[in-house]
Every structure is written in structure tokens, then in C-alpha cells.
Amino acid sequence: MDNNNISVKVDRVSKTFGEFTAVRELSLSVRAGRIFGLLGPNGAGKTTSIRMIVNITAPDTGTIEVFGQKIDSQLQDRIGYLPEERGLYKRMKVGDQLKFFGELKNVSGKDAEGRIDHWLSRLKIPEWKNKKAMELSKGMQQKVQFIAAILHEPDLLILDEPFSGLDPVNVELLEKVVLELKLSGKTIIFSTHQMEVAERICDDICLINRSQKVFEGSLREIKSSFGRNSVALRFEGGNGVLADTSLVSKVDRHSDETEVLLAPNASAQVLLRRLVDSGATIEKFEMIEPSLNDIFIAKVTENS
Amino acid sequence: MIKFLAIVKREYVQRVKARMFIVMTVLGPVMLVVFTIVPGLLFSLKTGGDTRLAIVDQTAGGALFEPIRNSILQRQVYDDKNLGERIESQVNSNTTRRIENASQAFSAGFSIERVDPTGKSIDSVKQGLNARIGRDELDGYLLIPPDILTNNDSKPAYYGRNGGDMVTTGQIQRRLDNAIRRQRLLASGVKESEIETLSKQVNLQTFPINEKGEEGAQDSGLARFMVVFMIAFLIYLTVLLYGQVVLGAVVEEKETRIAEILFSSVHSFKLMFGKLIGVSLVALTQLAIWGVVFMAISVWGIAALSSRGVQGITVPSLPPMFFLYFTLFFLLGYFLYSTIYLLIGSMVTTTQEGGQMAMPVVFLLMAGLYMAFTVIRSPNSHFAFWVSMIPFFSPITMIVRIVSQTPPMWQILLSLGIGALTVVLLLWLASRIYRIGMLMYGKKATIPEVMRWVRQQ
């Protein structure tokens with residue numbers, strides 16, 4: 001990875017609030033033109049890390065570089081930020097509001113006008129332009145906030161839990177927009193604890209837990225490093241085989257499928273033979289990669 | 001610059017467009033009139049008919065009854081050619097005179113009866129009258145001692161149930177005083193015709209002399225006093241009206257959770273400064289509208305009075321420099337107090353909480369006003385110098401000094417400079433507290449915490 005391809009470089013950054021250490025010795029690199037998932041449980045230090053990247057708070061120690069420069073207020077205009085704590089001016093019309101947020105990023109009112117119309121219709125809410133924010137549902141407000149974050153066409157977009165509280169139709173709509181932005185060359189940092197979403201759209205991920213980085217890398221690498229030690233099963237009979245802990249360390253029964261995590265040193269072939277021997281009818285037996293959710297839980301529990 | 005203007009514009013446009021602003025702009029002057037005039041009217045309004053008064057004249061032959069009665073009933077009626085003079089005297093008279101004059105128009109007056117004490121003991125007369133007052137056949141009576149004309153220490157007495165009606169007892173006091181003094185003068189041989197001219201009031205004329213030793217035009221100092229209280233009142237009014245608005249403007253983003261988006265785009269100092277300017281422009285717009293209306297009414301009123309022959313109503317004339325100082329110190333005062341509200345807004349999470357914390361601001365303002373009284377009497381004392389340098393008092397106290405005895409220019413500039421610096425400092429402090437406090441997940445800040453935030457990097 002050469003430096004030109006790095007949009008954000010966080011180098012040994014720490015931040016404490018009084019007694020509490022929010023971020024400890026965090027280092028990470030966000031590659032240009034990719035979606036970077038910043039994952040971690042609640043209170044892990046994701047939001048504090050993001051606030052330091054967008055120059056809202058300064059790190060106690062360590063450095064942060066965005067587009068190869070030390071972060072400053074000029075660079076802020078190239079970043080779009082949708083915080084987890086977000087709101088709108090209740091009594092302001094949606095259009096005026098978006099124009100205001102645009103101007104705060106140095107976009108002139110005239111330029112903003114056309115983009116506002118474009119994005120409102122792209123997100124299927126053009127009729128709300130002259131409505132006051134207080135008349136909007138929470139989901140619609142969220143779409144307006146999303147537009148506010150991208151109106152100035154930022155090179156780096158930081159989304160903190162962007163889909164929480166949205167219905168599946170709108171999640172899909174916004175996901176599509178995010179992927180389009182990535183294809184047009186933008187770098188996106190995506191912070192969430194919804195692993196399914198991260199698994200769908202992230203190229204790279206970084207997991208932080210208890211103020212520290214647990215691991216970082218591309219989704220592919222992480223998944224393959226975990227190996228194919230899970231099996232998806234659909235079968236009848238064969239009771240008792242899955243209870244053997246020397247063979248299986250974890251069993252997840254879904255509605256029509258069972259997912260098992262093999263015990264260390266156990267082989268899938270042995271499991272298959274044991275099931276066949278026990279007289280089970282096997283409809284499906286497939287080696288699968290662990291889900292990001294499994295990796296997340298495994299890493300977080302191992303870490304604590 | 002786009003960012004700063006955007007903030008100013010948003011604060012301004014949102015507020016000026018609001019229904020509340022329009023309502024207040026119309027209602028403000030109406031309320032002001034109601035609050036200043038109505039209490040006076042209520043006070044002077046006397047309901048329930050004439051005051052029934054008995055006069056017990058113990059002098060020989062009861063000779064004083066007639067003059068006293070005439071004086072109390074104010075028998076000499078104004079004729080219309082004196083209207084101009086009367087209006088002028090009313091415009092320029094002090095508050096007590098004004099209430100008195102107003103009350104003449106409203107009070108129903110007196111009905112007077114004579115009680116002849118000859119042949120009865122004074123105690124039995126009093127008992128009889130007291131009983132009548134008790135039965136509500138009479139409101140009060142005056143007891144005139146027999147030696148009232150010869151003994152200067154002799155005191156008449158009033159007995160009545162309405163002792164708390166200061167307007168009525170005041171009228172009786174003044175009119176009785178007039179009648180008796182007149183009678184004493186007559187008794188000592190002064191001619192009836194001379195009394196009026198001899199007892200005319202002596203008026204002192206005052207002429208100001210400036211620091212170059214030049215004599216100014218005659219000037220009672222009233223105009224100067226008016227300027228001081230105008231500016232104090234204006235600051236007081238605007239702070240009272242707009243302090244809460246400034247506070248609300250700062251808290252708004254905390255309540256709506258917009259602060260974080262703003263901080264990712266603009267520095268908090270710029271944000272605070274923009275908010276202060278935006279809200280201030282709203283205040284100035286409103287004041288300007290009120291000012292124009294007030295001027296229009298004044299010009300119209302003076303023209304109307306002049307056309308009826310009223311002369312001598314002079315608008316206080318002041319050198320043009322005063323208006324510059326007036327504007328500068330008014331703005332300084334307004335900004336100083338607004339930034340305190342800004343500071344409070346940065347510490348609290350809701351407007352209600354802020355309202356409580358803002359209470360002491362009004363005391364600070366009042367303290368400045370009280371100091372003005374001391375300063376106006378000795379505008380060049382050390383005390384006057386120091387209080388005109390202290391930021392929160394300087395807008396009022398320095399103006400007092402300027403209008404009474406203009407201090408050297410460097411002192412005026414220093415006072416302005418210190419004030420301006422304080423505004424910037426408070427602004428900086430507020431933006432700092434706001435930024436750090438906001439990131440503390442909206443929890444209420446304690447004073448030690450705030451101190452720590454200020455020091456924090």
C-alpha cells in the first residue's frame with residue numbers, strides 16, 4: 001500500500017476524558033476509493049475516533065492525516081459527516097436547511113440549489129423540500145440528514161450508524177447510493193455494530209473493542225484467516241451427534257438450517273461420517289466461511 | 001466567510017420570519033404604554049364620589065373657614081387662554097405633580113361643611129364627628145387650632161378613615177398650607193394684590209462650562225440625565241428581551257442535536273460569533289422599527305401641541321458626538337450582557353435551566369444603574385473612574401461621565417477597549433465550553449467541570 005492510496009491515516013492516537021480512556025494507541029489506514037468499516041460494540045471508542053478524524057476533538061497523543069495532510073479546518077470541507085447524534089432545525093424548511101448545511105461547507109447557495117433538487121428526488125422525497133423538518137417522519141429526516149452529509153460532494157464520507165431505524169426499502173436505497181459514491185471514487189468510513197450491513201458493503205474493516213484495535217484488514221483476508229471451520233447443515237435424525245463438544249464448539253439452529261462451528265482440531269469429514277453412521281438423513285452439508293457476526297463475537301469475547 | 005454569513009443569515013431570517021417577532025414588534029410599544037401609564041391612572045383614579053370633609057375652625061369668629069374652603073375646593077377655575085401654559089407646566093412637572101394633576105381630572109373633589117365649635121368643648125365636638133365618620137356620614141375633618149395665625153408652631157390636624165389615600169391627604173395638605181400662609185400674610189399687613197407676586201417661585205438657571213472653560217447654553221441638566229436613563233433603559237430592555245433569545249439560540253443545537261454536524265464544518269468561535277451577530281441584528285431591527293414609530297409619534301405630538309399654542313417644549317439638544325457615544329456604549333452594553341447569556345447557554349442543556357442561571361445578570365445590570373447615581377454627582381472621582389472601566393458597569397457609568405463632565409478621550413477609548421476585549425474573551429470562553437460540553441453526551445455540567453474544560457486542550 002503506497003501512501004497515495006491512503007485517505008486517512010491514524011497513527012498511535014490516544015484520547016482520554018478525565019479518568020476514562022476512550023481511545024488507546026489506535027492506528028489505522030483507510031484506503032482511497034474503498035468502504036472502510038469501523039466496527040465495535042457500544043462504547044468501544046468508535047465515535048471518539050471519528051470525531052478526531054473530522055477535527056471536532058483533538059487527540060491527546062498521536063497524529064491524524066487526511067489526504068496526506070495534518071487535519072485542519074480547511075480539510076473539514078472535503079469531509080462529509082453523518083453523526084450518530086443527529087438532528088435538524090425543526091422549524092426550518094428542508095430546502096433552506098440543506099442550503100444552510102451546504103453553505104457551512106463553503107458551497108454557494110446557487111450551486112446547492114441544483115444538487116438539493118437532484119438528491120431529494122434521488123432519495124424519493126422531492127415533495128418535502130418546502131416542508132418544515134418537524135413535519136417529517138424520523139426515517140425521512142434521516143434521509144435529509146444523509147443528503148446534508150453528501151451535498152458538498154466530499155472526497156471522504158463518514159457515516160456513523162447511517163441505517164439505524166430505517167425500513168428495509170430505505171436501507172437498500174441508501175446502500176445503493178453509498179456503493180455508487182464509492183464507484184465514483186469517494187472514500188467512505190462506515191461505523192456500525194450491525195454486522196450484516198458491514199458484511200454486505202465493506203471492503204476493509206477494523207474492529208475496535210475497549211478503546212483498542214482488535215484487528216484490521218480487508219474483509220476477504222479476515223474471513224479466510226478464520227478458515228472454513230463452519231458447516232451449514234440440513235438434516236433429520238442423528239440426535240446427539242451435535243452435543244459432542246470434542247467435535248462441535250457452537251451450534252446455531254435457524255428456522256430451516258443449522259450452523260455449527262467445528263471444535264478446534266475437529267474435521268468436517270469426521271462430523272459427516274458420524275452423522276451418516278447415526279442414521280441421519282442429510283439434505284445439505286456445506287463448508288462455509290464464518291459470518292462477520294461470528295468473527296466479531298469470537299474476537300470480542302476472546303479480547304475481554 | 002460563506003460559513004459565517006450563513007450562520008448570521010440563518011439566525012436572522014429564522015427569527016425575523018417567526019410569528020413571535022411580528023407579534024412582539026406590534027405589541028411591544030402597546031405594552032410599554034400600558035405598563036407606564038395604566039398604573040399612574042389607577043393610582044390617581046378615585047372612585048366613590050366626593051370626599052366629605054368637615055372643618056372645625058376654632059379661630060375667633062371662624063374667620064378662616066371661608067378661605068380654607070375656597071382653597072380646598074380650588075375655586076379659581078382655569079380659563080382657556082392659559083391652556084398652553086398649563087400643558088407646558090404639566091409636560092415639565094415632576095412625577096408627583098403629574099399624578100396630582102392627573103388626579104384632578106379624575107377625583108370627584110370635595111364637599112365641605114362647617115362645624116362651629118363655639119360653646120362646646122373641643123372633645124365633645126370631636127366625639128360627635130368621630131361618631132359620624134364611624135357611621136360613614138363623613139370621610140374626615142380638619143381641626144384648625146385657635147392660634148393658627150399668630151403662632152407659627154401651631155399645627156392643624158386631619159382626622160379621617162382614608163388616611164392611606166395619599167393623593168387626597170396630599171391635596172388637603174397643600175391647599176390648607178396655601179390658605180393659611182395667605183391668611184398669615186394678610187394678617188401681617190401684606191396687601192392682597194402683592195401676595196401673588198411676592199411669593200412667586202425662584203428658579204435657578206444652570207449653565208455648563210466645558211473642559212476648555214467655555215460657557216454653554218442654559219441647561220437644567222435634565223436632558224443629560226434623560227440621556228443616561230435612556231441608554232440604561234435601552235440596554236436593560238434589550239437585554240431583558242433578547243438575553244433569553246441569545247440563550248435559546250445557543251441551546252437550540254444541543255436540543256436538536258445539530259451541534260455535532262456544525263462542529264464538523266465550522267469552528268465553534270465562528271459559530272458563537274455568528275449567532276451573536278445574527279440575534280443582535282434581530283434586536284436592532286426591532287429597536288429600529290420601534291424607534292421610527294416613536295420618533296414619528298413624538299414629531300406628530302409636538303407639532304400638534306405647537307399648533308395649539310404650546311411653546312417651550314424643547315427636545316433635549318445634545319452635541320452630535322453624544323449620539324456616537326450613545327451608539328457605541330449602547331452596543332457595548334448590549335454585547336457584554338448578551339455574551340453572558342451566550343456563556344450560560346454554552347453550559348446548560350435546556351433553555352429552562354439557562355433561564356434560572358441567568359437571574360443574576362439582571363442584578364449586575366441594576367448595580368450599574370445604581371452606580372450611575374453616585375457617578376453623576378462626582379463624575380471625576382476615583383470611584384467614577386474605576387467603575388467606568390469595569391466592563392459590566394462601563395456602558396452606563398461612562399455615558400454618565402461623558403454627559404456630565406466629559407473625561408479625557410483616552411479614558412473613553414480605554415473603557416471601550418476593555419469592554420470589547422471582554423466581549424471577545426467571553427465569546428472565546430463560551431465557544432470553548434460549548435464545544436467540549438457538547439461532546440460530553442449532553443450531561444449537565446458542574447462548575448468545576450466547566451473550569452476543567454476551559455483549561456483542557
Side-chain angles (χ1 to χ4, degrees), chain A residues 15-18 20 22 43 47-48 50-61 71-73 75-93 96-97 99-109 111-112 132-134 141 145 148-149 151-152 154 158 160, chain B residues 1-21 248-249 251-271 274-275 278 349 431-432 434-443 445-446 448-449 451-453 455-457:
Chain A
K15 178 80 185 174
T16 56
F17 296 107
F20 175 70
T47 301
T48 306
I50 290 173
R51 282 174 176 172
M52 287 189 285
I53 297 172
V54 285
N55 200 24
I56 291 177
T57 38
D60 295 339
T61 57
I71 181 74
D72 60 16
S73 48
L75 277 177
Q76 275 189 327
D77 291 350
R78 291 177 64 190
I79 305 176
Y81 177 35
L82 178 66
E84 189 181 5
E85 284 269 314
R86 54 203 164 211
L88 293 170
Y89 292 104
K90 292 196 195 88
R91 292 172 196 287
M92 228 174 151
K93 285 177 186 163
D96 293 343
Q97 193 136 209
K99 207 154 126 188
F100 171 68
F101 286 124
E103 282 172 328
L104 284 188
K105 290 290 189 185
N106 261 329
V107 178
S108 73
D111 290 348
K132 287 181 180 166
M134 58 201 286
Q141 289 193 24
Q145 288 150 351
L151 197 68
H152 58 294
I158 302 179
D160 198 349
Chain B
M1 205 56 190
I2 291 187
K3 298 183 183 189
F4 179 71
L5 289 180
I7 293 161
V8 173
K9 195 177 80 192
R10 201 198 77 80
E11 294 292 338
Y12 183 77
V13 173
Q14 288 302 306
R15 277 169 225 290
V16 171
K17 270 196 336 203
R19 211 170 293 134
M20 194 59 200
F21 176 82
V251 179
E252 184 176 15
E253 278 92 1
K254 294 192 198 179
E255 285 177 338
T256 51
R257 304 161 148 208
I258 299 173
E260 206 170 340
I261 302 180
L262 297 188
F263 287 155
S264 72
S265 318
V266 60
H267 193 275
S268 55
F269 185 84
K270 217 183 235 179
L271 180 67
K275 279 179 172 293
T349 44
S431 65
R432 210 173 162 73
Y434 184 70
R435 193 180 182 98
I436 298 168
M438 192 282 303
L439 302 174
M440 293 297 172
Y441 300 95
K443 102 182 205 303
T446 60
E449 263 176 335
M451 302 293 259
R452 214 172 326 111
W453 296 347
R455 275 180 275 120
Q456 209 171 88
Q457 273 311 297

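To find a chain, count down the sequence lines: A is the first, B the second, and so on, and within it residues start at 1. Quick caveat, the model's predicted, so the values are computed rather than measured.
Listed options Leu88(A), Leu82(A), Asp96(A) were ranked by heavy-atom pairs under 4.5 angstrom with chain B; first place goes to Leu88(A). Listed options Glu253(B), Lys9(B), Lys17(B) were ranked by heavy-atom pairs under 4.5 angstrom with chain A; first place goes to Glu253(B). Of the residues considered (Val13(B), Ile7(B), Val266(B)), Ile7(B) shows the highest number of contacts with chain A, using heavy-atom pairs under 4.5 Å.
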Next on the checklist: Let's go through Phe263(B) and Tyr434(B) carefully: what are the C-alpha distance in whole Å and the side-chain angles of both, what is the deciding distance for ring-ring contact (aromatic ring centres under 6.0 Å, His included) to 0.1 Å, and is it a yes or a no?
Outcome noted: CA-CA 10 Å; Phe263(B) 287 155; Tyr434(B) 184 70; 5.5 Å; yes
Checklist entry - Could you go step by step and tell me if Lys3(B) and Asp77(A) meet the salt bridge (charged side-chain N to carboxylate O under 4.0 Å, His left out) rule? => result CA-CA 11 Å; Lys3(B) 298 183 183 189; Asp77(A) 291 350; 2.7 Å; yes
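Using modelled atom types and a 3.5 Å distance limit, the side chains of Gln76(A) and Tyr81(A) yield no donor-acceptor pair.
Looking at Lys270(B), neither its backbone nor its side chain comes within 4.5 Å of chain A, counting heavy atoms on both sides. The part of Phe101(A) that comes within reach of chain B is its side chain, from C-beta onward, which places non-hydrogen atoms under 4.5 angstrom from that chain. Using a 4.5 Å cut-off between heavy atoms, Leu5(B) does not touch chain A at all.
Ionic pairing of Glu11(B) and Arg15(B) is present here: one or more N-O contacts between side-chain nitrogen and carboxylate oxygen are shorter than 4.0 angstrom.
Minimum interatomic distance between Thr16(A) and Asp60(A) (heavy atoms only, all atoms of both residues): N-OD2, 2.7 Å.
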